[in-house]
Amino acid sequence: MVAIRLPDGNELNFDAPTTAAAVAQGIGAGLAKAALAARIDGKLMDLSAVIDRDCELAIVTAKDEEALDLLRHDAAHVMAQAVQELYPGTQVTIGPAIENGFYYDFARSEPFTPDDLEEIEKRMAEIVDRDLPITCEVWDRDDLIGVFNEKGESYKAELIGDIPADEPVTVYRQGDWFDMCRGPHLPSTGKLGKAFKLMKVAGAYWRGDSTKAMLQRIYGTAWADAKQLKAHIEMLEEAEKRDHRRLGREMDLFHFQEEAPGAIFWHDKGWRLFRKLVDYMRARQDLAGYQEIATPEIMDRSLWEASGHWETFREHMYTTQTEDDRLYVIKPMNCPGGIQVFKQGIKSYRDLPLKIAEFGKVHRYEASGALHGLMRVRAFTQDDAHIFCTHEQLESECAKVVRLILDIYKDFGFEDVRIKFSDRPEKRIGSDEVWDNLESALKGALEHLGYSYTLNPGEGAFYGPKLEFVLRDAIGRDWQCGTLQVDMNMPARLGATYVGEDGERHQPVMLHRALFGSLERFAGILIEHYAGKFPLWLAPVQAVVATITNEADGYARDVQERLVAAGLRADIDLRNEKINYKVREHSLAKVPLMLVVGGREAENATVAIRRLGGKAQEILELDQAIARLRVEAAAPESIR
RNA sequence: GCCGCAGUAGCUCAGUUGGUAGAGCAGCUGAUUUGUAAUCAGCAGGUCGUGAGUUCGAGUCUCUCCUGCGGCACCA
């Protein structure tokens, strides 16, 4: 007797074990046709899975969110089958569903070309048309290893070894093609549909290990229907238009050139944005009780040996040798400098917590392949700070930083910030007790504030756990921005102490934190986030005064002067061009405000305001306009 | 760093089987004085990323290096 409860509360009873497929059939032919998988006691299973005990069952159809993952995983299998049909001798390795799609890693000596992708896509469609049933088989692991070895599938054979001994090894078969896979899968290849597209080929290391073989990864996107696929492709096209590298050129914000790979040439307009970000952060930090310092760009190698960075990151450091044979390090981080400031004079427990900030430009010789526009560079500016405090103050100081970061992101419209918590790594220093303390302080800060986070086990720094605050770019790539790290190491290595209540010297806990993280990266994210259409307070050029004929030139100059005097960043366009031309040009340049002046405005001391993206104009008296724009252009409330 | 792809005028791109570089926009000059997303005409602009090789001849073929792009690895 098997009792199956359905989501609507009904209970079905069976005398003998059954399958989800049979249950669906029993409920109705329509459901049986639409059924893709089953959720049995919360676990996603094949439709054909045998049900031999009481359970809760939900039939999964294309309408369910989770169906998409199944479908994408199937797409990966179908692609692998297509590839092996077309290119015999190609080995399959792993191929999971991922956000928006799937990939599969192949081992093949010939590279896949864009033409190959088209062929593979066609063959995938054929396999869908064949509507091959997808069936699951449980295998003996040694038998399966034998089969894979015989087929020359050494990667697959290697994978089997990693499956825990008590877990069954399952194989999914579609036609005469099969793959070792945990499943679940759709009932047949026909259910996949054709709303998929192969996107790109890329290299990927076997098992994500750079010492192992380089495989070829084919990425695809897959959706429930053609409409979703089209929407996704359109989203990517839109995202490309707001790529910060493209907007950086189009809006004359910055450039790169060969002589300085990974280093930015900021142009006037881009630098205005950068300066605005610094101004903003400085104001926030002033309000939050931080000091601000500046430390040397280059310091003797010995300091970096003492801090431990020399040993760990030597190959990523820029150095410079002087005539006197001293080797200096161009700073890759600010903490050793910050600690030198802390160490001046004797610090008392009464001085703690001491918050020392620095807008520090650092240089790191990053791997060439890592460079990416403003997001990953070799020279960047951190809005860095080091908070020296006692163990007792640790959690509340962490909480203050977390609150500050999220509050700051809100001023830029980022509400959906992901927080990652990285705990103790294998290779670490310090006792487990200290780690317990540090981790619980960090976690406690998050939990008391009610923020959710994801865990990155073992990803902490060797000296302490860390939080990372992750923002997304226009095409869904994640970039780490803010960070908060707890450090018991550096103060000890560099000899930072304070005198406690007991008159003894103690070692402070040191928090490393950056809120924007890298100003360059944050600027890049903002460019994409706003698609170049910055809010008024951030816009490099806030307004352009444009004339209709040169009869209004004199008045236009007055208007611009008044705007500038009111603190607005205003340009003027006196060129002998039609107003249509000027409107178009400044609109494309994404200037938020155009103040159009012609004979009428000059005569009446008014301006015609046109807002970016708007059609209508608004005629205002000049005084009134300036008063209003001044208010509109004000920085966020938080720093007023 | 690794795998793959790319580099032609400031930008976007064209350039047939190797025969000695072209367009649009931008720029400059002139005309036009214009009312909310491109006024017209003319001019100028490139040792085709770098270095080598093959060839009678290379933007086109081969190799080196540089830079970029897409991933992977890395990210104190």
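Naming convention: chains lettered A, B, ... in sequence-line order (proteins, then strands); numbering from 1 in each chain. Quick caveat, the model's predicted, so the values are computed rather than measured.
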Can you tell me how far C1' of B:rA73 sits from CZ of A:R376, to the nearest Å? 10 Å
Give me, pair by pair, the N or O atoms of the protein and of nucleotides 8-17 of chain B that are less than 3.5 Å apart, along with how far apart they are.
{"unit_1": "B:rU12", "atom_1": "OP1", "unit_2": "A:R249", "atom_2": "NH2", "d": "3.3"}

Not counting sequence neighbours, list each pair that qualifies as a side chain to side chain donor-acceptor pair (under 3.5 Å) and has a residue in residues 540-559 of chain A. A:T547-A:K582
So for A:Y365 and B:rG1, does any side-chain atom that can act as donor or acceptor lie under 3.5 Å from a complementary atom in the base? no
Nucleotide nearest A:R217 (side chain, heavy atoms from C-beta), chosen from B:rC72, B:rU33, B:rU36: B:rC72
For A:Q480 and for A:I609, locate the closest nucleotide of RNA chain B by heavy-atom distance; then report the residue assigned to the nucleotide nearer the 5' terminus. A:I609
Nearest to the side chain of A:R477, which nucleotide is it out of B:rA76, B:rG70, B:rU33? B:rG70
Taking the side chain of A:S587 as heavy atoms from C-beta outward, which of B:rA73, B:rA76, B:rA37 is closest to it? B:rA37
Short side-chain N/O contact from A:N580 to OP1 or OP2 of B:rA37, under 4.0 Å: yes
Ranking B:rG68, B:rG27, B:rG35 by distance to the side chain of A:P261, first place goes to B:rG68
Can you check the A:R575 CZ to B:rC28 C1' distance for me, whole Å? 14 Å
For the pair made of NZ in A:K200 and P in B:rG71, what is the distance, rounded to whole Å? 4 Å
Note: for A:A367 and A:M333 on RNA chain B, the residue whose nearest nucleotide lies more 5' is A:A367
Output the single nucleotide from B:rA73, B:rU33, B:rA76 whose closest atom is nearest the side chain of A:T549. B:rU33
Side-chain donor/acceptor of A:N550 to base of B:rU33, under 3.5 Å: yes
Provide the distance between the two P atoms, one in B:rA31 and one in B:rU36, to the nearest whole Å. 26 Å
Which stems does RNA chain B form, counting runs of 3 or more consecutive Watson-Crick or G-U wobble pairs with both distances under 3.5 Å? B:1-7 with B:66-72, B:10-13 with B:22-25, B:27-31 with B:39-43, B:51-53 with B:61-63
The correct set of residues in residues 234-247 of chain A placing a heavy atom under 4.0 Å from RNA chain B is A:R245
Nearest to the A:Y219 side chain among B:rG35, B:rG71, B:rA76, which nucleotide is it? B:rG71
Nearest-angstrom distance, C1' atom, B:rG15 to B:rC2: 34 Å
Among the nucleotides B:rC72, B:rA37, B:rA73, which one has an atom lying closest to any side-chain atom of A:S210? B:rA73
What integer number of Å spans the C1' atoms of B:rA41 and B:rG57? 40 Å
Write out a two-atom table: protein N or O, nucleotide N or O from nucleotides 3-7 of chain B, distance below 3.5 Å.
{"unit_1": "B:rC3", "atom_1": "O2", "unit_2": "A:G203", "atom_2": "N", "d": "3.3"}

Give each protein N/O atom lying under 3.5 Å from an N/O atom of nucleotides 41-45 of chain B, with the pair distance.
none

Which of these nucleotides, B:rG35, B:rG27, B:rG1, is closest to any side-chain atom of A:R600? B:rG35
